[in-house]
Amino acid sequence: MTKSVRTFETSQKWADAAAEHFDQLAHQAVLQRGRFSIALAGGSTPRRLYERLAEPPYRDQIDWSRMDFFWSDERAVPPDSEHSNYFLAYEAWLWKVPVAAHRVYRMPGEADDVENAAARYQQQIATVLGHPASGPPPQFDLILLGLGEDGHTASLFPHSDVLAEPVRWVAVSQSPRPPAIRLTMTYPILNAARNVMFLVTGKGKADIMAQVLEGPHDPQRLPAQAVRPSGGELSWFVDRAAASKLTMM
Ligand code: 6PG
């Protein structure tokens, strides 16, 4: 695993750099394998990146039709809810670029039977990526993640049972904040990725950034610390405010 932490003076520079990295990874994947498989992050931070990818030059130079869009987690809300991670990406980005609509695979968080929804989503990942639906997970080209102020990522919350999930790639999770029920990718599939990008901005994340990157290793308390794509690249894209308590600054 290679790891990098890149900090940026302004949110514009942060968004430009993250978009440029996305573009490079997408170009490389399409060149080498004819496709780009990606799992999108939720919350609010990714919005600025998603909006930037819907602007020139990326809007016009990326081959959007080669992309398979998944999500790294979703809330138990309808896809048109303001709390939906799907809605965030669609409204900020996806409707503005020529994606292949049938290659956008929404995580069905609103399903009545969320356990079954998790299993169906795992099967969908396997089918689309041409991989056996059980056993070791497939390699996503890129997984985007955020960081909560409590150290969670995706919907992997501190001291939660899902942290110990050894086999399933997608599982049901309980959030301490509403919406409580979530679907989330688990460590096995996150840590199989070719590339993981953490997107972190704002002074509210300064404390947790310092704990996660420079504090004691305690992944039960700080789940983001256990995201370690063994055969891939882990990159942190952090603005100056969120990086302000890092000694490496
Ligand atoms: C979610 C996200 C979650 C998010 C962090 C950071 O569904 O909320 O997947 O993991 O990335 O909570 O959220 P902000 O970007 O809003 O700070």
Side-chain angles (χ1 to χ4, degrees), residues 1-11 13-15 17-19 21-22 38-52 70-75 83 85 88-89 92 107 140 142-160 162-163 165 171 173-179 182-187 189-191 193 195-229 232-249:
M1 176 184 92
T2 59
K3 177 179 171 183
S4 64
V5 179
R6 300 177 59 186
T7 59
F8 303 90
E9 283 298 317
T10 66
S11 68
K13 288 178 179 173
W14 175 89
H21 191 59
F22 179 104
I38 177 171
L40 303 181
S44 57
T45 302
R47 171 180 290 279
R48 188 68 199 90
L49 168 59
Y50 296 165
E51 289 169 343
R52 186 65 189 89
F70 292 84
W71 273 258
S72 48
D73 78 327
E74 186 56 278
R75 293 88 176 272
H83 301 295
N85 292 339
L88 165 70
M107 215 180 219
F140 270 82
L142 174 60
I143 297 181
L144 300 179
L145 293 173
L147 176 67
E149 292 185 17
D150 63 353
H152 82 261
T153 189
S155 285
L156 301 172
F157 293 95
H159 308 293
S160 60
V162 72
L163 299 182
E165 174 55 54
S173 160
Q174 295 275 344
S175 166
R177 291 187 311 170
R182 310 281 181 101
L183 286 181
T184 186
M185 283 187 173
T186 59
Y187 287 130
I189 197 163
L190 298 182
N191 288 335
N195 296 279
V196 174
M197 280 175 74
F198 271 98
L199 306 169
V200 191
T201 61
K203 64 178 183 303
K205 299 291 174 72
D207 282 336
I208 196 63
M209 276 298 307
Q211 291 181 58
V212 166
L213 287 189
E214 299 180 345
H217 188 66
D218 183 1
Q220 279 294 318
R221 188 173 68 85
L222 301 170
Q225 286 186 329
V227 176
R228 302 179 55 75
E233 180 186 308
L234 174 63
S235 50
W236 290 80
F237 283 73
V238 189
D239 74 352
R240 181 176 180 77
S244 57
K245 293 189 176 177
L246 295 179
T247 55
M248 63 175 75
M249 275 299 286

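There is no side-chain donor-acceptor pair under 3.5 Å between E233 and S4. Looking at T201 and D239, their side chains never bring a donor and an acceptor atom within 3.5 Å of each other. Side-chain contact annotation: R182 with S175, donor-acceptor N/O pair under 3.5 Å present.
Rounding to the nearest 0.5 Å gives a distance of 10.5 Å between CD of E74 and OG1 of T184. In this structure, the separation between CG on L222 and CD1 on I208 is 5.0 Å, given to the nearest 0.5 Å. In this structure, CG in L142 is found 6.5 Å from CE in M197, a value given to the nearest 0.5 Å. Taking CZ from R75 and OG from S155, the interatomic distance works out to 7.0 Å, rounded to the nearest 0.5 Å. The line from CG of L144 to OG1 of T45 is 11.5 Å long, rounded to the nearest 0.5 Å. Note: F237 CZ to F22 CZ = 12.0 Å, rounded to the nearest 0.5 Å.
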- Message: Is there a side-chain contact (heavy atoms from CB on, under 4.5 Å) between T153 and Q225? Walk through the geometry before answering.
- Response: CA-CA 9 Å; T153 189; Q225 286 186 329; over 6 Å; no
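Under a 3.5 Å cut-off, the side chain of W71 and the backbone N or O of N85 do form a donor-acceptor pair. In this structure, the side chain of W236 does not engage the main chain of R6 through any donor-acceptor pair within 3.5 Å. A side-chain donor-acceptor contact under 3.5 Å links K205 to the backbone of L147. A donor-acceptor contact shorter than 3.5 Å links the side chain of E214 to the backbone of T247.
Residues V212 and F198 have side chains not in contact (no heavy-atom distance under 4.5 Å, counting atoms from C-beta outward). With a 4.5 Å cut-off on side-chain heavy atoms, R240 and T7 do not count as touching. With a 4.5 Å cut-off on side-chain heavy atoms, V227 and V196 count as touching. Side-chain contact check for Q220 versus P158: every heavy-atom pair is 4.5 Å or farther apart. Side-chain contact between L183 and D73 is absent, with no heavy-atom pair separated by less than 4.5 Å.
Here the closest heavy-atom approach between residue A15 and residue L49 is recorded as O-CD1, 4.2 Å. Closest approach of A193 and I143 over heavy atoms only: CB-CD1, 3.8 Å. A pairwise comparison of heavy atoms in K245 and A210 identifies O-CB, 3.6 Å as the closest pair. The heavy-atom pair separating W14 from V200 by the smallest distance is NE1-O, 3.9 Å. Residues S72 and A41 share a closest heavy-atom pair of OG-CA, 3.7 Å. The nearest pair of heavy atoms linking L156 to Y187 is CD1-CE2, 3.7 Å.
Partners of R221 according to the side chain to side chain contact (heavy atoms under 4.5 Å, CB included) rule, which considers only residues two or more places apart in sequence or in another chain, are H159, Q211, D218.
Ring-centre distance between F140 and F70: below the 6.0 Å cut-off.
Ring pair F157/H152 is tilted by interplanar angle, where 30° to 60° counts as tilted.
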